[in-house]
Amino acid sequence: MNNFVVTFARGFGTGGKEIASKLAADLGVHCYENRILTLASQMSGLNKKLFDEVNEKIRSSGGFTNLLRGLPRARHYISRNEKFVSDDKLFEFQKQIIENLAETESCVIVGKCADWILRGRENVVSIYIEAPRDFCIKRTMDNMQVSRETAAATIKQTDKFRADYYNYYTHGNYWTNPVNYDMTLNSEKAGIENCVAIIKEYMKIKG
């Protein structure tokens, strides 16, 4: 593939972001996750905090309502700790950024429904990373320096948020559906480094 994109969906604590970052480094390309929010903010002229609030990361639940009051018209929003509500406009800005990246450069994109947005394109490889819950809990405890209970709750909340987000923006598809991806990898069984190697070999095959 001359101009390629590798998209990553990942369960929380699986090491999916680490795999994506290592792959991008090996391939000499950019890895986009939060940078998509910055680019969407620049393109739209909206405060980046609005995009941060709908990102697939843990956030504090306060403050967003006040930001919304400053906008010219009412907007819905996505909250990790409240009932899922879409913000179609913010998603559309991110979607445009992802489509533009796929057309202009080789890169790795983490999350953001990128696999679905770019489905059907010959230059896209889509990866889903999952692992047993205990493995994810241990990684989360180590990375976040939290108790087992907090790690388990964080994983449960975050994965539900991502699943609901994916379901909404793909019009009813489900996040863990293997048919959506070129490849699903178990990061505990394969290991982080081997996941990177396997993906690189698959890219050669798909070529």
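Just so you know, these numbers come straight off a predicted model, no measurement behind them.
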Discussion item. Pairing donors with acceptors under 3.5 angstrom, does anything connect the side chains of Glu105 and Tyr32?
Written reply: yes
Worksheet entry | Reference residue Ile109; test side chain to side chain contact (heavy atoms under 4.5 Å, CB included); the match among Ile98, Val124, Val6 | Ile98
Discussion item. Which heavy atom of Ser106 sits nearest to which heavy atom of Val29, and what is that distance?
Written reply: O-CB, 3.5 Å
Worksheet item: Just one of Ile36, Ile117, Thr7 clears the side chain to side chain contact (heavy atoms under 4.5 Å, CB included) bar with Lys112, so which one?
Response: Ile36
Worksheet item: Which heavy atom of Ala20 sits nearest a heavy atom of Val110, and at what distance?
Response: CB-CG2, 3.5 Å
Response to the item:
Those residues at least two apart in sequence (or on a different chain) that pass side-chain contact (heavy atoms from CB on, under 4.5 Å) with Asn167 are none
Worksheet item: Quick check: does any side chain N or O of Ser187 sit under 3.5 Å from a backbone N or O of Ile192, one acting as donor and the other as acceptor?
Response: no
Worksheet item: Does Asp159 reach the main-chain N or O of Phe12 with its side chain, forming a donor-acceptor pair under 3.5 Å?
Response: yes
Practice prompt. Return the orientation label for the Phe91 and Tyr165 ring planes: parallel under 30°, perpendicular over 60°, tilted otherwise.
Written response: perpendicular
Practice prompt. Output yes when Lys138 and Asp134 qualify as a salt bridge under the 4.0 Å nitrogen-oxygen rule, no when they do not.
Written response: yes
Discussion item. Checking side-chain polar atoms at under 3.5 Å, does Tyr128 have a donor or acceptor matched by the opposite partner on Asp115?
Written reply: no
Fill in: Cluster overlap Phe135 with Phe8, hydrophobic side-chain contacts below 4.5 Å
no
Practice prompt. Please confirm whether the backbone N or O of Ile129 pairs with a side-chain atom of Arg10, one donor and one acceptor, at under 3.5 Å?
Written response: no
Practice prompt. Determine the minimum heavy-atom distance between Val108 and Ala24, stating which atoms define it.
Written response: CG2-CB, 3.8 Å
Practice prompt. Write down the atom of Ala131, the atom of Glu188, and the distance for their closest heavy-atom approach.
Written response: CB-N, 4.2 Å
Discussion item. Tell me if a side-chain donor or acceptor on Asn180 pairs with a main-chain N or O of Tyr174 at a distance below 3.5 Å.
Written reply: yes
Worksheet item: Do Asp182 side-chain atoms and Val125 backbone N/O form a donor-acceptor pair below 3.5 Å?
Response: no
